[in-house]
J.: 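What follows is a structure written as structure tokens; I'll ask about it next.
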2 protein chains.
Amino acid sequence: MASRRARSPTESVSLRETLVSAGLEQRLADLLDQMQHRVVYVEPRRPFREQGAPRDEVMFVRSGILSKYKSDATGRRQIVALRFPGEGILPVEGPAQYGIQAIVRCEVLVGKAKDFNPIVEENPELQRFFWRLLQRNESIGYEWLVNCGRRDSTARVAHLLCETAVRLHVGNGHMVNPFTQQQIADITGQTSVNVNRVLADMERQGLIKRKGREIEFSDWDEMRRVASFQPAYLQN
Amino acid sequence: MASRRARSPTESVSLRETLVSAGLEQRLADLLDQMQHRVVYVEPRRPFREQGAPRDEVMFVRSGILSKYKSDATGRRQIVALRFPGEGILPVEGPAQYGIQAIVRCEVLVGKAKDFNPIVEENPELQRFFWRLLQRNESIGYEWLVNCGRRDSTARVAHLLCETAVRLHVGNGHMVNPFTQQQIADITGQTSVNVNRVLADMERQGLIKRKGREIEFSDWDEMRRVASFQPAYLQN
DNA sequence: CGGTTGTTTGAACTGATTCAATCTGTGTGG
DNA sequence: CCACACAGATTGAATCAGTTCAAACAACCG
């Protein structure tokens, strides 16, 4: 336990637990847990890390959702990746080509690259763990490209909702949709106006029911079909 | 030198040279060069590796261009990544979520994952090399997402051409365009018909000149502006 | 209550697709 | 050298999906 901040009594955050819940063996999680790290709370709507800044940190999401985003020269914003609880963002050498912002309020564990890298280098099993993590992220990135490049508006939104449900481990067909319509637009490469129409359409067609931010998948199979969602790419 | 096939006198292919030209130190390239590998020639237009097949191989492109692609359930095809000479495709555990096909005729060096992985694990410097490679690929993937999600038709094609020129180390503003218009469409998420119109427009506007497959960048600065091409993401 | 953030709706517009036909260049076999 | 096949490039016309702009509405919060 090397967290820099005092732990409040109600707060059960530890890096070890976070990693174990992400599928890492206890023994290996213990190794990383010795790394100096601190807990940061990230609020949505305000920039957390800027595009172009050095990124010599490891981050692991404990709760909430983080997004990586890029802005085009013309100012249009695209979210290029999401990090759900248990997932992380690894350090890069030199300036990062993307910014980081929260989708919803996040609890994030942050460590330093210079502490993190040697631990990983010394442990082949940790290497393999993070290697697989990178490959899963790559796989998700490819699926997002197919989504943006080749699917129509409805399928894109449906696909994002399916993926989100799986990554949040929603079991009962009932999910509190974490995204604003603008965020869905920024992920799927559309306008928020159109996302609104698509969601309304999906409800009219009986694919989902909505109450405020809650979404119920009334017909999961049909939803998957519309989205052409094949979850294999997530199980990498 | 452990290449399985006899080397013809005119053939100067070696894994070591390929890696050194990709920026790897001689000493480290020598280590990998000891790995069993063979030379394969990959023809465009016919599938080389199928989506869903196991991918327990390392590949390095010696000449030509390889593509990774995915097909949507509706059959629409999206190219999700390119590999230029000196670049490689690393093995994944389990079935691959993408197929591999040549853009133009390729010379590819293929080795086995079970030979490759231990060599990398034993050498922290090799790890770091491939780690950076993965991060560069990630960075390019993010840029492609911005391209597909947030740029208009012209900018997408222009951006692909700019990126290709840089990755091919074209210095004189003159490039033999390696892509068919259908391939450009499959990368940028459009139809070949529209790509044709976009290219014609770009020529009319004096951004490029075309002779068959040859492209001359008449106004590189303007081209970059139209594409909003910031090459930093390639130098990762 | 006023301020802020997010959702919903309408009308006009436009960029890209679709479908179909034609044209061009290249390689192959007779 | 010609005929034929084939891959790719080009063009037109009709259509449509998604954007843009603008305004109104709802929910939340200090």
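Per chain, numbering begins at 1; letters A, B, ... match sequence-line order.
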J.: Please verify the inter-ring angle class for A:His159 with A:Tyr233; under 30° counts as parallel, over 60° as perpendicular, anything in between as tilted.
T.: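 Answer is parallel, since the angle falls under 30°.
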J.: Using the test salt bridge (Lys or Arg N to Asp or Glu O under 4.0 Å), find all partners of A:Arg204 that sit at least two apart in sequence or belong to another chain.
T.: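 With neighbours one apart ignored, the set is A:Asp201.
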J.: With nearest nucleotide decided by heavy atoms, which residue, A:Arg150 or A:Gln181, maps closer to the 5′ end of DNA chain C?
T.: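 Checking each residue's closest nucleotide, the 5'-ward one belongs to A:Gln181.
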J.: Please tell me if the side chains of B:Leu82 and B:Arg167 come closer than 4.5 Å, counting only heavy atoms from C-beta onward.
T.: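 A side-chain contact under 4.5 Å exists here.
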J.: Nucleotide range of DNA chain D contacted by chain A, 5' to 3', under 4.0 Å to a heavy atom?
T.: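 Contact span on the strand: D:dG18 to D:dC21.
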J.: Of B:Thr180 and B:Ala200, whose closest DNA chain D nucleotide lies nearer the 5' terminus?
T.: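 Final value for this comparison: B:Thr180.
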J.: Under 4.0 angstrom, heavy atoms only, what part of the nucleic acid is B:Arg156 near: base, sugar-phosphate, or nothing?
T.: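 Answer is nothing: B:Arg156 stays at 4.0 Å or more from every strand.
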J.: Could you state the CD1-P distance from A:Ile184 to C:dG6, rounded to the nearest angstrom?
T.: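 One finds 12 Å between P of C:dG6 and CD1 of A:Ile184, rounded.
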J.: Is the NZ or CZ atom of B:Lys70 both under 6.0 Å from the centre of the six-membered ring of A:Tyr142 and within 45° of that ring's axis?
T.: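 Not satisfied by the 6.0 Å and 45° rule.
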J.: Which heavy-atom pair separates A:Arg77 from A:Asp186 by the least distance, and what is that distance?
T.: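 So the minimum-distance heavy-atom pair works out to CD-OD2, 3.2 Å.
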J.: Rounded to whole angstrom units, what separation is found between the CG atom of A:Asn196 and the P atom of C:dT8?
T.: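 Atom-to-atom, A:Asn196 to C:dT8, this comes out as 5 Å.
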J.: For A:Gln190 and C:dG15, what is the distance between atoms CD and C1' respectively, to the nearest whole Å?
T.: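 After rounding, the reported distance stands at 15 Å.
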J.: Nearest whole angstrom, please: distance from the P of C:dT5 to the CD of A:Gln183.
T.: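 Rounded to whole Å, this separation is 13 Å.
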J.: Please confirm whether A:Arg224 makes a cation-pi placement over A:Phe217, using NZ or CZ under 6.0 Å from the six-membered ring centre and within 45° of the ring normal.
T.: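 Not satisfied by the 6.0 Å and 45° rule.
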J.: In whole Å, I'd like the distance from the CD1 atom of A:Ile215 to the C1' atom of C:dT7.
T.: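 To the nearest whole Å, that distance equals 13 Å.
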J.: How close or far is atom C1' of C:dT26 from atom CZ of B:Arg45, stated in whole angstroms?
T.: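 Going from CZ in B:Arg45 over to C1' in C:dT26 covers 11 Å.
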J.: Quickly work out the B:Asn194 CG to C:dT14 P distance and round it to whole Å.
T.: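 B:Asn194 atom CG is separated from C:dT14 atom P by 17 Å.
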J.: Can you name the residues that form a ring-ring contact (aromatic ring centres under 6.0 Å, His included) with A:Phe116, not counting sequence neighbours?
T.: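 Counting only residues at least two positions away or on another chain, A:Phe116 forms a ring-ring contact (aromatic ring centres under 6.0 Å, His included) with A:Phe130.
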J.: Expressed as a whole number of angstroms, how long is the span from A:Arg213:CZ to C:dT5:C1'?
T.: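 So the two atoms are 10 Å apart, to the nearest Å.
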J.: Contact class for A:Arg197 (heavy atom, under 4.0 Å): base, sugar-phosphate, or nothing?
T.: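 Since a base atom lies under 4.0 Å of A:Arg197, the category is base.
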